[in-house]
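Below is one structure, written out as structure tokens; comments come after it.
So that the names make sense, note that chain A is the first sequence line, chain B the second, and so on, each numbered from 1.
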Amino acid sequence: MNKEIAIESKIESCYECGSKNIVKDYKNGEYVCSNCGLVLQKFYDTGKEWRSFSLEEENEKARAGMPLTYSIHDKGLATSISFFDEDIYGKPLKPEQKQTFHRLRELQKRMRVSEDERTLISGLIEIERMSEHLNLPKNARERVKESASIIFRKAWKEGLIRGRRGRDIATASLYVACKQFNIPKTLDELSEVSGLSKKKIGKTYRHILEELRYSPLILPISSYASKAINEFKKYGKIEELTYKILSAAKEARLSSGRDPVGLVAASIYIASLLTGEWISQGELSKKLRRTEVTIRNRYKEMVRELLFNIEL
DNA sequence: AAGACGAAAGTGGTTGA
DNA sequence: TCAACAACTTTCGTCTT
């Protein structure tokens, strides 16, 4: 599975800016300049299964020394002054705070940093802020953040931000990064931490995928399932059954084109009926943010098509 | 009263002429 | 660019426990 190999040759410094800080971006199989974000070389082909790396594998690689410096734009010189009038929770600042921040920002502007670089800096700061409030699993948070930062740098490098707000790109970068690590964050959740509409994030996300030539990022349905099961804190038999039902549904081709969360909700519902640890449609609907109607539709399909194939 | 059911109308995204 | 379409949502009346 580890396709890192062969074509590697030594790259001493970035062709563009001369920086010697060349790092491996494992998610995309590229050597990237950590200073300017230029992609220098691929080290394995990006086709097919690269996305299916498990979290465990990622852990292995991380321990092998993935640098943790992407999110700092320039050796820690960046001040943490957001370019938006908000506090770390994305709430608007009070007027007097606004003034203070305005003064600080003026100071920051006077440092010899180009307009372009400021966009980069504020984007990275935004990513930092948002990742802290996204409730990412502890063991993956840093790496998601790094990954998002890399994506943002690339987008910045390729001029994707022109004509767009930096924050749109920053948020979408985070979204991509979550998917790369198989962490099923919804547009709703991204919307909450960024204050942007789901529509905007989704659009920018698609734009990034296209422009940066990422393969479509489809998470395994089990990621959604484990997230949902955690919400209900129901483990053991019901959990096991849920997975069985889901894989049977997939087998029976009941899942294509369907919202994965709806499928998961229906599976949990059936599992809850079968195990006696009953969960109501209403509760599922509320916690998983799908309507009861959708849950019912999925559940009826499943009962009709495949329930009898599931061993209990 | 709470949960489940399903019809009907509405929404936002995709596809294909 | 527009119409048809699939998936999903909202709303609401009805039935069951």
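With rounding to whole Å, A:Ile201 atom CD1 is found 17 Å from B:dG13 atom C1'. Rounded to a whole Å, the CG atom of A:Leu187 is 16 Å from the C1' atom of B:dT11. The CD1 atom of A:Ile270 sits 15 Å away from the C1' atom of B:dA4 (whole-angstrom rounding). Rounded to whole Å, atom P of B:dG12 lies 10 Å from atom NZ of A:Lys198. Distance CD1 (A:Ile295) to C1' (B:dA4): 12 Å, rounded to an integer number of Å.
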Step-by-step side chain to side chain contact (heavy atoms under 4.5 Å, CB included) determination, A:Tyr269 to A:Ile279: CA-CA 6 Å; A:Tyr269 183 63; A:Ile279 302 173; 5.6 Å; no
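Electrostatic pairing of A:Glu142 and A:Lys145 counts as a salt bridge here, judged by a charged N lying under 4.0 Å from a carboxylate O. Under the 4.0 Å criterion applied to side-chain N and carboxylate O atoms, A:Arg167 and A:Glu126 are assigned as salt-bridge partners. Taking the charged nitrogens against the carboxylate oxygens, A:Glu158 and A:Lys154 have no contact shorter than 4.0 Å, which rules out a salt bridge.
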So which protein nitrogen or oxygen atoms get under 3.5 Å of nucleotides 5-8 of chain C's nitrogens or oxygens?
| from | atom 1 | to | atom 2 | distance (Å) |
| --- | --- | --- | --- | --- |
| C:dC8 | OP1 | A:Asp259 | N | 2.3 |
| C:dC8 | OP2 | A:Arg298 | NH1 | 2.3 |

N/O to N/O distances under 3.5 Å, protein versus nucleotides 5-10 of chain B:
| from | atom 1 | to | atom 2 | distance (Å) |
| --- | --- | --- | --- | --- |
| B:dC5 | OP1 | A:Tyr299 | OH | 3.2 |
| B:dC5 | OP2 | A:Gln281 | NE2 | 2.5 |
| B:dG6 | OP2 | A:Lys300 | NZ | 3.1 |
| B:dG6 | N7 | A:Arg296 | NE | 3.4 |
| B:dG6 | N7 | A:Arg296 | NH2 | 2.9 |
| B:dG6 | O6 | A:Arg296 | NH2 | 3.2 |

Atom pairs, N/O to N/O, protein against nucleotides 14-17 of chain C, distance under 3.5 Å?
none

Contacts table for residues 246-255 of chain A: side-chain donor-acceptor under 3.5 angstrom, sequence neighbours left out:
| from | atom 1 | to | atom 2 | distance (Å) |
| --- | --- | --- | --- | --- |
| A:Ser247 | OG | A:Tyr243 | O | 3.3 |
| A:Ser247 | OG | A:Lys244 | O | 3.1 |

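The side chain to side chain contact (heavy atoms under 4.5 Å, CB included) check on A:Asn297 picks up A:Val293, A:Lys300, with sequence neighbours excluded. In this view, A:Glu189 and A:Leu134, A:Lys185, A:Thr186, A:Lys227 satisfy the side chain to side chain contact (heavy atoms under 4.5 Å, CB included) rule, not counting sequence neighbours. For A:Ser280, the side-chain hydrogen bond (donor to acceptor under 3.5 Å, both in side chains) criterion is met by no residue, not counting sequence neighbours. Residues meeting the side chain to side chain contact (heavy atoms under 4.5 Å, CB included) test with A:Glu211, sequence neighbours left out: A:Leu160, A:His207. With sequence neighbours excluded, no residue satisfies side-chain hydrogen bond (donor to acceptor under 3.5 Å, both in side chains) with A:Arg141. Partners of A:Ala266 under the side chain to side chain contact (heavy atoms under 4.5 Å, CB included) rule, at least two apart in sequence or in another chain, are A:Arg298, A:Tyr299, A:Met302.
Using a 3.5 Å distance cut-off with no hydrogens or angles, the side chains of A:Ser285 and A:Glu292 do not pair a donor with an acceptor.
Listed by first and then second residue, the ring-ring contact (aromatic ring centres under 6.0 Å, His included) pairs that reach into residues 220-241 of chain A come to none, sequence neighbours excluded.
In secondary-structure terms, DNA chain C builds stems of at least 3 consecutive Watson-Crick or G-U pairs, each pair having both distances under 3.5 Å, at B:1-11 with C:7-17, B:13-17 with C:1-5.
Taking the nucleotide of DNA chain B with the nearest heavy atom to each of A:Gly282 and A:Lys199, the more 5' of the two is matched to A:Gly282.
Neither OP1 nor OP2 of B:dA2 sits under 4.0 Å from any side-chain N or O of A:Trp278.
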